[in-house]
J.: 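Just passing along the structure, written as structure tokens.
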Amino acid sequence: MIGPAANAAPAQPESDWAANAYRGGVDVVKSADADQQTLDGTVFDDKNKNSTQESGEPGLPGVKVSNGREVVTTDGQGRYELPAFDNMTVFVTQPRGYQVPVDEDNVAQFFYNHLPEGSPELKFGGIAPTGALPDKVNFPLAQSQLTQSPEQHCAVGADVQTYDQEEVGFAQQGAFADLAARTDYAGCGALFIGDIVGDDLSLFGQTRELTSMLNGPARFLPGNHDLDFDALDKEHEFDTFRAQFGPEYYSYDAGKAHVVALSNIEYPTQVPAKKSNYTYSLGERQLEWLRADIAEVPKDRVIVLAGHSPLLEFYYSNSHTMKQLQEIYQILEGREVVSLGGHTHMSENLRAGDLMDGWRDEVGEAGLPFTHLTVPAVSGQWYNGRVLDEGFPTAVQRDGTPPGVLTLDIKNTEVKERFTATGDDGSDQMALGINSPAYRAWFDEYKNQRGKAPAPENPNAVAKGELGDTWLTTNFWMGATGSTVKVSIDGGAATEAVRTQQMQGETPLIGAEYTDPSATLEQLVHGGGLHDRTSHLWRLELPADLAVGEHTATVTATDVHGRESTETLAFEVTE
């Protein structure tokens, strides 16, 4: 690991989390159980926080425990029994008002892997032989005001996706340094929703070093770059992930939120397999578990459904769909739900009722049943672009969003999403630009030469004769249906800008006229992806009678929750 960023905040006193975190593990009574068909144990109140049930530490009734297929609740003494089978991960669902222990790297400890003979021979090791079913697997929990509170802040990181040590350093000095400076997510914790690394699973250890920086528990779910690619039987493809981080799918409660972490990458789809031979699917066992898990959730809770791949999305609206989408929607019908996905390295804030042409077969004319959020990647555009003095690259993503972390601010069952760009305090929520005919000609000339385009002399200038074909653009990164963008030119009356994508059943609008020039200028000149479409761009046609000279545009963007952000762009009208 490399040293702290040059502009890192001054060292602060040790956080309450670092000083008082509940550290421990699951209590596995190793002697072989005489009954190898049934696993039993106790969920208990670990009052002295030593991970072992002792006198005066009662069992906790009504707590959910699962083998990844069946879901049971503990009896009046905190006891449970579950059918046992080879290659299962047994886990407890953390209830509100309690917290599971974490290890020295802040990774939540709430599971036990059972694989008697261990994984088949795998490049990155998989799961070591666990031997016979143990006599007991007991789950300690500690009482927690943090998870009892109706106000929760859940940090969500998508696609950390480090391929080498340099990129581990980028992640450390970027998003993880930002999270280390925060103390607001200690209850709900941080959830990393897949592509923890970039195919090299030996880097899982470095991911653990990164999460040791956090001020809250860390949980993970797997993505298509976290696979054991040499496992070809659809049974062991995430064994190395499970050995390091726990079950592929699970749930936990914080406040009145029930978080469901899903494993929605299925590999392989054919043999012999290639790395690209995966699809978006839960599989029957996981779907069975999801039905059982949701059935036990009270109706007065909000469900946060997280998977590596989004259920549906704008960018690939004609081609990307979760296989069991209809079943998932049926299971969640009538519930308060927010869905989270990563995978595509961009930001999408899709609200209930939104519709794209490619979704009609899945959602009908009524559109989406609830909010679907695509979480911007921690790696951004795979750590591409200029490396800043702060020690991480610009990495502007394909929709013009910078890298960063999403936070769900939850009060009771009301959820407000909040994006924090890497290296920022959260105040920066948009990018402004001038989309002129000259810019669009430059885009079309260099769009296939990313990283080689010459920088325009003055990207915020427009010739007077082109004003009628020029827009002021606002890329409002978490903008959505219900957001507004208003622009004041030179202090005049504010005019409402128009969103390019209305989300009313159309196809994605693609091309230079639907792009954010500030993002494209970064990508084509310095390297990165190609920004050619987005669901969160607003445009205002510049007045044709603007005088030659300097001007300012003050933009106020208001999100769906009524929160305002204001920025100003200086631009020039030339002869």
Side-chain angles (χ1 to χ4, degrees), residues 36-41 43 62-74 80-95 110-115 127 133 137 139 193-194 219-223 227 231 233-239 241-242 245-253 258-269 278-299 301 303-312 321-335 337 339-341 362 369-370:
Q36 289 290 300
Q37 306 304 310
T38 305
L39 178 68
D40 63 304
V43 180
V63 179
K64 291 192 296 187
V65 185
S66 178
N67 57 10
R69 189 176 64 196
E70 290 89 3
V71 176
V72 298
T73 56
T74 55
Y80 73 89
E81 286 189 358
L82 278 166
F85 52 89
D86 288 353
N87 198 24
M88 69 175 182
T89 301
V90 178
F91 55 90
V92 64
T93 292
Q94 172 186 282
F110 60 101
F111 58 89
Y112 173 72
N113 293 318
H114 176 60
L115 188 56
I127 298 170
L133 197 69
V137 175
F139 294 104
I193 59 172
R219 296 178 175 88
F220 303 83
L221 55 83
L227 287 157
D233 57 4
K234 297 187 180 182
E235 286 293 321
H236 299 280
E237 69 270 28
F238 287 120
D239 279 11
F241 171 90
R242 291 164 61 205
F245 300 118
E248 291 177 51
Y249 53 91
Y250 53 91
S251 61
Y252 57 98
D253 291 343
H258 180 69
V259 183
V260 180
L262 296 177
S263 176
N264 57 19
I265 300 297
E266 181 183 298
Y267 172 89
T269 59
Y278 63 85
T279 189
Y280 310 118
S281 174
L282 299 187
E284 282 307 313
R285 181 191 296 179
Q286 187 175 181
L287 201 62
E288 180 183 352
W289 168 82
L290 181 63
R291 288 191 187 95
D293 178 82
I294 297 299
E296 297 293 333
V297 179
K299 292 294 179 70
R301 304 296 169 90
I303 294 169
V304 177
L305 190 77
H308 176 58
S309 177
L311 298 181
L312 281 174
T321 305
M322 188 63 51
K323 274 191 175 180
Q324 296 89 0
L325 185 68
Q326 297 294 340
E327 290 96 327
I328 293 169
Y329 284 166
Q330 288 169 7
I331 291 168
L332 298 171
E333 188 173 0
R335 301 279 192 162
V337 183
S339 170
L340 302 173
E362 285 80 19
F370 48 76

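Counting begins at 1 with the first residue of the sequence.
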J.: Is the shortest side-chain heavy-atom distance between His308 and Pro222 below 4.5 Å?
T.: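 No, too far: nothing below the 4.5 Å cut-off.
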
J.: Is a side-chain donor-acceptor pair under 3.5 Å present for His114 with Asn67?
T.: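 Note: Asn67 and His114 side chains miss the donor-acceptor criterion.
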
J.: Does any N or O in the side chain of Asp293 come within less than 3.5 Å of the main-chain N or O of Val260, such that one atom is a donor and the other an acceptor?
T.: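 Not confirmed, Asp293 side chain does not pair with Val260 backbone.
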
J.: Please tell me if the side chains of Val65 and Val137 come closer than 4.5 Å, counting only heavy atoms from C-beta onward.
T.: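 They are not in side-chain contact.
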
J.: Heavy-atom distance under 4.5 Å between the side chains of Tyr112 and Thr89, does that happen here?
T.: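 Not touching, per the 4.5 Å side-chain cut-off.
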
J.: State whether the side chain of Glu288 and the backbone N or O of Glu70 hold a donor-acceptor pair below 3.5 Å, judged by distance alone.
T.: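 No, the answer is negative, given that no donor and acceptor are paired below the 3.5 Å cut-off.
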
J.: If you look at every heavy atom in Ser281 and Gly283, which pair is closest and at what distance?
T.: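 Minimum heavy-atom contact is OG-N, 3.4 Å.
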
J.: Measure the spacing between CD1 of Ile303 and CZ of Arg335 and express it to the nearest 0.5 Å.
T.: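 Atom-to-atom, Ile303:CD1 and Arg335:CZ are 4.5 Å apart.
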
J.: Report yes if some heavy atom in the side chain of Phe110 is under 4.5 Å from a heavy atom in the side chain of Pro247; otherwise report no.
T.: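 Phe110 vs Pro247: side chains touch.
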
J.: Find the distance between CD1 (Ile328) and CD (Glu333) and round it off to the nearest 0.5 Å.
T.: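 It comes to 14.0 Å.
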
J.: Would you say the side-chain atoms of Thr38 pair up with the backbone N or O of Pro83, donor to acceptor, closer than 3.5 Å?
T.: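 No; judged by distance alone, with no hydrogens or angles, the pair does not exist.
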
J.: Hey, is CD on Glu284 packed in by over 12 heavy atoms from elsewhere, all under 6.0 Å?
T.: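 Open.
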
J.: Less than 4.5 Å apart, any side-chain heavy atom of Tyr249 and any of Trp289?
T.: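 Yes, close enough: below the 4.5 Å cut-off.
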
J.: I'd like to check the side-chain hydrogen bond (donor to acceptor under 3.5 Å, both in side chains) partners of Lys323; sequence neighbours left out, ordered by chain and number.
T.: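 Partners of Lys323 by the side-chain hydrogen bond (donor to acceptor under 3.5 Å, both in side chains) criterion come out as none, since no residue qualifies.
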
J.: Distance check, rounded to the nearest 0.5 Å: Arg291 atom CZ versus Glu327 atom CD?
T.: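 If I round to the nearest 0.5 Å, the distance is 6.5 Å.
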
J.: Using only atom types and a distance under 3.5 Å, with no angle test, would you say the side chain of Gln94 pairs donor to acceptor with the backbone of Asp253?
T.: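 Such a contact is found between Gln94 side chain and Asp253 backbone.
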
J.: Starting at CD of Gln36, measure out to CG of Leu133 and round the result to the nearest 0.5 Å.
T.: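 Spacing of CD (Gln36) from CG (Leu133) equals 5.0 Å.
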
J.: Under the criterion side-chain contact (heavy atoms from CB on, under 4.5 Å), I'd like the reasoning laid out for Leu227 against Phe238: C-alpha separation, chi angles, the key distance, then a yes or no.
T.: CA-CA 5 Å; Leu227 287 157; Phe238 287 120; 3.4 Å; yes

J.: Going by the rule salt bridge (Lys or Arg N to Asp or Glu O under 4.0 Å), which residues pair with Arg301 if we only count those two or more places apart in sequence or in a different chain?
T.: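 Checked Arg301 against salt bridge (Lys or Arg N to Asp or Glu O under 4.0 Å); zero matches.
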
J.: Relative to the ring of Phe139, is the ring of Tyr80 parallel (under 30°), tilted (30 to 60°) or perpendicular (over 60°)?
T.: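 The rings of Tyr80 and Phe139 sit tilted, inter-plane angle from 30° to 60°.
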
J.: Is it the case that the side chain of Gln324 and the backbone of Leu282 share a donor-acceptor pair, with hydrogens and angles ignored and the cut-off at 3.5 Å?
T.: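 Yes, Gln324 side chain to Leu282 backbone: donor-acceptor pair under 3.5 Å.
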
J.: Who pairs with Thr321 by side-chain hydrogen bond (donor to acceptor under 3.5 Å, both in side chains), at least two apart in sequence or on another chain?
T.: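 None.
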
J.: Give a yes/no verdict on a cation-pi contact between Arg219 and Tyr252, requiring under 6.0 Å between NZ or CZ and the six-membered ring centre and an angle within 45° of the axis.
T.: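 Verdict for Tyr252: a cation-pi partner in Arg219.
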
J.: Is the shortest side-chain heavy-atom distance between Met88 and Leu82 below 4.5 Å?
T.: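 They are not in contact (no side-chain heavy atoms under 4.5 Å apart), so the answer is no.
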
J.: Are the side chains of Val297 and Lys64 in contact, using a 4.5 Å heavy-atom criterion?
T.: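 Lys64 vs Val297: side chains touch.
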
J.: Report the distance from atom OG1 of Thr93 to atom CD of Glu296, rounding to the nearest 0.5 Å.
T.: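 With rounding to 0.5 Å, OG1 (Thr93) is 10.0 Å from CD (Glu296).
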
J.: Could you walk me through whether Asn87 and Asp239 pass the side-chain contact (heavy atoms from CB on, under 4.5 Å) test, one step at a time?
T.: CA-CA 9 Å; Asn87 198 24; Asp239 279 11; 4.3 Å; yes

J.: Which pair of heavy atoms, one from Leu221 and one from Gly307, lies closest together, and at what distance?
T.: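 Between these two residues, the closest heavy atoms are CD1-C, 4.0 Å.
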
J.: How about Leu311 and Leu305: do any of their side-chain heavy atoms sit closer than 4.5 Å?
T.: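 The answer is yes; the side chains approach within 4.5 Å.
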
J.: Heavy atoms only: give me the nearest Lys234-Glu237 pair and the separation to one decimal.
T.: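 Looks like C-OE1, 2.9 Å.
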
J.: Indicate, with yes or no, if the rings of Phe370 and Tyr329 have centres closer together than 6.0 Å.
T.: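 Yes, ring centres under 6.0 Å apart.
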
J.: Please report the interatomic distance CG(Asn264) to OH(Tyr278), rounded to the nearest 0.5 Å.
T.: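 Going from the CG atom of Asn264 to the OH atom of Tyr278 covers 11.0 Å.
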
